[in-house]
Amino acid sequence: MLDVKYLRADPEAVAVQLARRGFEFDVAGFQSLEERRKALQTRTEQLQAERNSRSKNIGKAKAQGQDIAPLLADVERLGGELDAARAELDSVQNSLTALTQGLPNLPHASVPDGKDENDNVEVRRWGDPRPAEGAKDHADLGEALGLMDFAMAAKLTGARFTVLRGQLARLHRALAQFMLDVHTTEHGYQEVYVPYIVNGTSLLGTGQLPKFGEDLFTLQGDHDWRLIPTAEVPVTNFLRDEILAAEELPQRWVAHTPCFRSEAGSAGRDTRGMIRQHQFDKVELVHASLPEHSYETLELLVSHAEAILQKLELPYRVVALCAGDMGASAAKTYDLEVWLPSQNTYREISSCSNCEAFQARRMLARYRHPETKKPELLHTLNGSGVAVGRAMVAVLENYQRPDGRIDVPTVLRPYMGGLEVIG
RNA sequence: GGAGAGAUGGCCGAGUGGACGAAGGCGCUCCCCUGCUAAGGGAGUAUACGGCUUAUACCCGUAUCGAGGGUUCGAAUCCCUCUCUCUCCGCCA
């Protein structure tokens, strides 16, 4: 959510900044709603104040044994007026909330202009991409080894799921373990284990709701429960309704969880292989930061994700997303894209964002300012460190031998019982 | 799943219809006193929002005693629904 005060003070400036994302903000509509809200709220609160003071008088009169009948008659009309005013205020406020909760974050000044992924800006590259010639894709490699089974997954569930067996199942686990170990022992993260099911309030806090509910799997039953689309949701919501001491910042958490996405609207995209699944594992990094440090924290976060790819010796590039390609909660996002020889291109394997106070404002995540002693919104950041499924895809494709067997990256061998080659 | 008890401010804890945003204690902040490794005295100490405002400073107002709804002129207090916690039983990893 954006700062309402700023929205009111300078809606045109907000509209200009949101236009960079291709988002059209209806300034006139907002302002007319605001005017009505202001008038109604003032009136409602006045009526409430009046009712409160009269009710107190009734109490006093009663205590003194006076006749309260005339006072009751006097206050009678207030009830109806108050109810009407309140109802009208509620409806205006609901419209306003719907409008403001639907607004995406303002892009940071350093975010490049552009409307989609084609306008993203490459920041740097690492490693030497192996040529595409003769490279098989991960699905062919895995199926040929007999260790990756899409047909079985389709039988069990449906499209966009995978069954892994044997050394590939272990490779998948090894990757997750390796990433967790690097982040906890070298980068100072606290490992956390969290629910894979969250309530609607949590999803509202991180911004998946109210606008992006169709991307989520909803559970049946009495609870307002959904499967997490990313560990960002449960972990960031640690901070909801909390006021941290300034000394408690920064906080760094890492969680390995499955992620569930309905992939609504992705029909036909990446239907082959493990690139785009309804269920995938991810190691997620979440930071809570002082506002003044959040941009250096973002660079740090990216470097932590990069460290994983470097240790795995997977070629990648870092891309700054343009304003039009960023997620709604982000003020600035870097993607890490790993080299996939079968596609002769780089594909997203991590996305690292500074949400500034956008999520913090929704979830009232604050810290106590050491000088003013007042609660202030903190900044939240999150990034994949990295997607486990896609990391496995990248390992298969980049470490494939001409005979279809797979070299095990050196750093993973301790996690694979010393195994050097799969197949 | 069954039975019972509970949810109040940073913490503990009082409060069963009226001057209660909430006694008291602890903690914390500031001041005073005290020359000693102690103690005492005083003041202050929730959050969100609205109005006013150059102001996130005052001031005024509204809301919040787990959440939502209801009764009432008036609800922390009464009623309903839900959530969570604890105890016992059952079941289970």
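The chains referred to below are lettered A, B, ... by the order of the sequence lines, with proteins before strands, and numbering in each begins at 1. Values in this document were obtained by computation on a predicted structure and should not be read as measured data.
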Original post:
What is the distance from NZ of A:Lys5 to C1' of B:G51, rounded to the nearest Å?
Top reply: 12 Å
Original post:
What interatomic distance, in whole Å, is found between C1' of B:A39 and the corresponding atom of B:A46?
Top reply: 31 Å
Subject >> Stems formed with participation of RNA chain B [Watson-Crick or G-U wobble, under 3.5 Å, three or more pairs] >> reply: B:1-7 with B:83-89, B:10-12 with B:24-26, B:27-32 with B:40-45, B:46-51 with B:59-64, B:66-70 with B:78-82
Original post:
With rounding to whole Å, what would you report as the distance between B:A14 and B:A22 at their C1' atoms?
Top reply: 10 Å
Original post:
Distance only, no hydrogens: is a donor on one side chain within 3.5 Å (strictly under) of an acceptor on the other, for A:Glu356 and A:Tyr295?
Top reply: yes
Subject >> P atoms of B:C12 and B:U83, separation to the nearest Å >> reply: 25 Å
Subject >> Selection from B:C73, B:G51, B:A48 that lies nearest to any side-chain heavy atom of A:Pro375 >> reply: B:A48
Original post:
In whole angstrom, what separates A:Glu376's CD from B:U47's C1'?
Top reply: 14 Å
Original post:
Looking only at side-chain N and O atoms, does A:Arg366 come under 4.0 Å of OP1 or OP2 in B:A48?
Top reply: yes
Original post:
Is it true that the side chains of A:Ser202 and A:Asn199 contain a donor and an acceptor less than 3.5 Å apart?
Top reply: yes
**OP:** Please state how far atom CZ in A:Arg36 lies from atom C1' in B:G50, giving the value in whole angstrom units.
**Re:** 18 Å
Original post:
Restricting to pairs with a member in residues 162-185 of chain A, which pass salt bridge (charged side-chain N to carboxylate O under 4.0 Å, His left out), not counting sequence neighbours?
Top reply: A:Asp149-A:Arg165
Original post:
Can you tell me how far C1' in B:U45 sits from the matching atom in B:G50, rounded to whole Å?
Top reply: 24 Å
Subject >> Candidate nucleotides B:G50, B:U62, B:A48, ranked by approach to the side chain of A:Gln48 - the nearest >> reply: B:U62
Original post:
Roughly, in whole Å, what's the span from CD in A:Gln46 to P in B:C49?
Top reply: 21 Å
**OP:** Kindly write out the residues that satisfy ring pair (Phe, Tyr, Trp, His ring centres under 6.0 Å) with A:His172, not counting sequence neighbours, or none if the list is empty.
**Re:** none
Original post:
Closer to the 5' end of RNA chain B via nearest nucleotide, is it A:Arg51 or A:Thr42?
Top reply: A:Thr42
**OP:** Between A:Thr44 and A:Ser55, just flag the one whose closest nucleotide in RNA chain B comes earlier from the 5' side.
**Re:** A:Ser55
**OP:** Classify the nucleic acid contact of A:Arg368 as base, sugar-phosphate or nothing, counting any heavy atom under 4.0 Å across all strands shown.
**Re:** sugar-phosphate
Subject >> Pairwise P distance for B:G61 and B:C79, with rounding to whole Å >> reply: 33 Å
Original post:
Is A:Arg8 touching bases, backbone alone, or none of the nucleic acid, heavy atoms closer than 4.0 Å?
Top reply: sugar-phosphate
Subject >> Separation between the C1' atoms of B:G21 and B:C36, rounded to whole Å >> reply: 42 Å
Original post:
If you measure only the distance, is there a donor-acceptor pair under 3.5 Å linking the side chains of A:Gln277 and A:Thr162?
Top reply: yes
Original post:
To the nearest angstrom, how far is A:Asp3 atom CG from B:A48 atom P?
Top reply: 13 Å
Original post:
Can you check whether A:Asn52 has a side-chain N or O nearer than 4.0 Å to OP1 or OP2 of B:G74?
Top reply: no
Subject >> SB check A:Glu186 A:Lys311 (cutoff 4.0 Å) >> reply: yes
Subject >> side chain to side chain donor-acceptor pair (under 3.5 Å), paired with A:Tyr316, selected from A:Arg124, A:Glu337, A:Gln310 >> reply: A:Gln310
Original post:
Hey, does A:Lys38 reach any base, or is it just sugar-phosphate, or nothing, if we go heavy atoms under 4.0 Å?
Top reply: sugar-phosphate
**OP:** Sticking with atom P, work out how far B:G25 lies from B:G41, rounded to a whole angstrom.
**Re:** 11 Å
Subject >> Gap between atoms CZ and P, on A:Arg240 and B:A48 respectively (whole Å) >> reply: 17 Å
Original post:
B:U54 and B:U72: how far apart are their C1' atoms, nearest whole angstrom?
Top reply: 45 Å
Original post:
For the residue pair A:Pro258 and A:Tyr196, what are the closest heavy atoms and their distance?
Top reply: CD-CZ, 3.4 Å
**OP:** Using side chain to side chain donor-acceptor pair (under 3.5 Å) as the criterion, point out the one residue from A:Gln251, A:His304, A:Arg252 that pairs with A:Tyr189.
**Re:** A:His304
**OP:** Round to a whole Å and report the spacing from CD of A:Glu50 to C1' of B:G74.
**Re:** 15 Å
Original post:
Over how many whole Å does the gap from A:Tyr6 atom OH to B:U56 atom P extend?
Top reply: 16 Å
Original post:
Does a distance-only test, which skips hydrogens and angles, find a donor-acceptor pair under 3.5 Å between the side chain of A:Gln41 and the base of B:G50?
Top reply: no
